[in-house]
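Reading through the structure tokens given below for one structure.
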There are 2 protein chains.
Amino acid sequence: MSGRAAAGQRLPTLEDVARVAGVSRATASRVINGIRNVDPQLHELVWEAVGRTGYVPNRLARSLVTRRTGTVALVVSDSETHDDDPFMGRFFADPYFGRVVGGLMSVLRRSGVQLALQIVGTDEQRTRLVGDLRNGQADGVIVLSLPAHDPLPRMLTEGEVPAVMIGRPADTVPINYVDLANDIGAALAADRLVGRGCQLIGMISGPVDVPASSDRISGFRRSMARRGHGWIPLASGNFTQASGEAAMCSLLTGHPGLDGVFVANDLMAVGALTALRAAGRRVPQDVAVVGFDDSSAALAASPPLTTVRHPLEDMAAESARLLLSRIDDASMRVSSVIYEPTLVIRESA
Amino acid sequence: MSGRAAAGQRLPTLEDVARVAGVSRATASRVINGIRNVDPQLHELVWEAVGRTGYVPNRLARSLVTRRTGTVALVVSDSETHDDDPFMGRFFADPYFGRVVGGLMSVLRRSGVQLALQIVGTDEQRTRLVGDLRNGQADGVIVLSLPAHDPLPRMLTEGEVPAVMIGRPADTVPINYVDLANDIGAALAADRLVGRGCQLIGMISGPVDVPASSDRISGFRRSMARRGHGWIPLASGNFTQASGEAAMCSLLTGHPGLDGVFVANDLMAVGALTALRAAGRRVPQDVAVVGFDDSSAALAASPPLTTVRHPLEDMAAESARLLLSRIDDASMRVSSVIYEPTLVIRESA
DNA sequence: AACACTTCGGAAAGCGCTCTCCAAATCATC
DNA sequence: GATGATTTGGAGAGCGCTTTCCGAAGTGTT
């Protein structure tokens, strides 16, 4: 049907289509883009020529003039690390990243929008990124910001690049974001642990300077205080399984009577489970454990983790929708969406 | 330092830089791209103008003429499913995807190459994709092909698009690929299980029509046969945890005396562990379990899984290197790399 | 039949950049 | 100092596409 140009040849251009159809380039363009009314007869002729030549519009050329690329960038903003730092590897291996991509794609695919992945580690890379974006490299960006104080969000707003963050920025920046009510999630965990009758309840947190983490800490503390637990033992890790195991050990050493623990993410919770088992504590009989994220690790753990469900896919999808409408309507005011987590009860608490 | 153009304004172009520096566009271009010798004085002038104007080259325009985008596409080729099919979500949530991205990025980042994500489900989308690629949408592609018989690899070679597959194509296609010696991995598992003294050994496989999966089956069968186990009970799942649990149940029903099982991936192995526990079997005392992948689930499982380590990041990195050199040298012959897996011994076997 | 109004196709001006070609300038050589 | 060989800067032709502008043709009204 479609006469593919012999491989290796110059590909057919709009010019070729126009010639074959016997019309001007302008008319061919109008037909192909469905713009304005075109005589049905010519219309037909053009499409036939498209079929015969095997024409495929060149997106680059089109973007150059329309100033629209049909591409959205997912930028992962990392703090300055060595190139060989294995951290990024760990980040990608964590289901977090994939869930975000999946959520974004579920929306972007429908709109025929592409996703381009960008990783920036240094300020120089950030500057270059913003420059490229202002130049129309992508129509907008979804930002996944890892460092506690990231200059990127501000750079983006100043550069007037349509952007949506997943997770609230640490500093106050007028940028759209989609976030989770981390404090509510922590309160859910507190409820469960206290409701179960736990007396001495500890917490294993993530790094204290990233917003998602500090919100979980403060939310947990506040909620526990309201229930008469004025002080709770705290150990912090870095969201990895190993750090969770270490934190659990230190918690157990300082407070042997611990009978409940809230862990700020599932991966660390799995580590905590290991430490607990090694210490001869049964879960949930001796120590109840509540995790956070409801990642696949929660279900795989034994016992399966009671955990705060983080609707990450939904949040990512929403951020994509937000970005898309922001791209269509530049005048859109900054608006953000906060999702409420729910508690998934399994066996660990 | 850099005089940012007021936001919302037209961005400075090469033309502007040339004017400010008092040279021609051609000279400015040459200086910026470091091409040919340029009078050191002009050189200086141009860079100064770049700084003063805050000029950032427009990649789109550049790509249009150079026919190089500095972008590589990661294509996930899926079989035709409903748009709302949750399968893709599961795929992204699995660490497999993230590990591939991480491996690719570790190489691409260094070369300043971007990664664009593409998902194609229907043949129409595949056709459009190849068209776009031939038009120079990306310099090459890394293909992650899911369906058993995917037309994409052949379309890509016929379209002369530089491509590297991760995982061997099911049909014989002259395309570069990076794969794992799945059969050797299966043999490693067989060794371990037999070496432990297991008498009745079963296997839980993935879908029988995808190469990675069938290679594990045939490799395991062959290796077991060589050790005197002419026939092994087989149940198959679809690589999900739930399917692993179900498969284990059916295996146990048919062969209550089972004392060893090789599971074709860790996620299913975790499911199998659950089924085993429910059936009152201790692991590894009653039944030894060997998984495949060494994903994070293996370490999180209890007991931690003995598993065949799949060096996915390394493979992805290698595929990126292969693609990059293929892009630089179009004449490069088809060449593939096969990685050998290793066995990671933990507690489950 | 003359007028204003609308509809529609084509010519051509770019979008921002690279790169070929040419002329001018520089250098070396005898 | 004249000649040829080599550098080096600028003019301008595109890359493939969209879109403005304009004139020609068609429609309807008095």
Side-chain angles (χ1 to χ4, degrees), chain A residues 5 9-47 49-50 53-71 131-139, chain B residues 5 9-47 49-50 53-71 131-139:
Chain A
Q9 294 297 313
R10 195 178 59 79
L11 259 42
T13 72
L14 189 59
E15 180 82 50
D16 299 323
V17 174
R19 189 160 9 82
V20 171
V23 300
S24 77
R25 221 165 55 236
T27 305
S29 172
R30 287 196 268 256
V31 169
I32 289 168
N33 295 300
I35 261 156
R36 277 199 0 193
N37 280 350
V38 171
D39 185 293
Q41 211 161 339
L42 292 188
H43 192 275
E44 172 100 2
L45 243 71
V46 169
W47 279 119
V50 166
T53 56
Y55 172 73
V56 178
N58 184 319
R59 295 179 132 236
L60 249 57
R62 181 180 291 185
S63 295
L64 186 59
V65 32
T66 58
R67 270 120 207 304
R68 273 304 204 82
T69 58
T71 296
D132 280 348
L133 289 170
R134 298 194 3 141
N135 257 330
Q137 165 92 294
D139 298 338
Chain B
Q9 295 296 313
R10 194 178 59 77
L11 259 41
T13 72
L14 189 59
E15 181 83 50
D16 298 323
V17 173
R19 190 159 9 80
V20 171
V23 300
S24 77
R25 221 168 52 235
T27 304
S29 172
R30 286 197 269 256
V31 169
I32 288 168
N33 294 301
I35 258 153
R36 272 196 8 188
N37 280 350
V38 170
D39 185 293
Q41 212 160 341
L42 293 187
H43 191 275
E44 173 101 357
L45 248 84
V46 169
W47 279 119
V50 166
T53 55
Y55 172 72
V56 178
N58 184 317
R59 296 178 130 236
L60 249 59
R62 182 179 290 183
S63 296
L64 186 59
V65 34
T66 60
R67 271 121 208 301
R68 274 302 204 86
T69 59
T71 297
D132 281 348
L133 289 170
R134 297 196 0 140
N135 257 329
Q137 166 93 295
D139 298 338

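Chain letters run A, B, ... following the sequence lines, proteins first, then strands; residues in each count from 1.
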Side chain proximity check, [X] to [Y], heavy atoms < 4.5 angstrom:
X      : Y      : result
A/T69  : A/Q137 : no
B/R134 : A/L11  : yes
A/L14  : A/I32  : yes
A/N135 : B/R59  : no
A/R30  : A/L42  : no

Which nucleotide, [options], lies nearest any side-chain atom of [X]?
X     : options                : answer
B/R67 : C/dT18, C/dC15, D/dC15 : D/dC15
B/T27 : D/dG16, D/dT19, D/dG10 : D/dG10
B/T66 : D/dG10, C/dC19, D/dC17 : C/dC19
B/T13 : D/dT19, C/dG16, D/dC17 : C/dG16

On DNA chain D, nearest-nucleotide positions of B/P40 versus B/A61: which is more 5'?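 On the 5' side of the pair lies B/P40.
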
Short side-chain N/O contact from [X] to OP1 or OP2 of [N], under 4.0 Å:
X     : N      : answer
A/R25 : C/dA12 : no
A/S24 : C/dG10 : yes
A/S29 : D/dT18 : yes

[X] [atom1] - [N] [atom2] separation (whole Å):
X     : N      : atom1 : atom2 : value
A/H43 : C/dG9  : NE2   : C1'   : 15 Å
B/L45 : D/dT8  : CG    : C1'   : 16 Å
A/R59 : D/dC15 : CZ    : C1'   : 18 Å
B/L14 : C/dC19 : CG    : P     : 12 Å
B/L64 : D/dA13 : CG    : P     : 18 Å
B/R19 : D/dG10 : CZ    : C1'   : 16 Å
B/N58 : C/dT18 : CG    : P     : 9 Å
B/N33 : D/dG9  : CG    : C1'   : 16 Å

How would you label the contact of B/L42 with the nucleic acid (heavy atoms, under 4.0 Å): base, sugar-phosphate, or nothing? sugar-phosphate

Base, sugar-phosphate alone, or nothing: which one does B/N135 contact when heavy atoms must sit under 4.0 Å apart?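 Result for B/N135 = nothing.
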
Is there a donor and acceptor pair, one atom on the side chain of A/R30 and one on the base of C/dG10, closer than 3.5 Å? yes

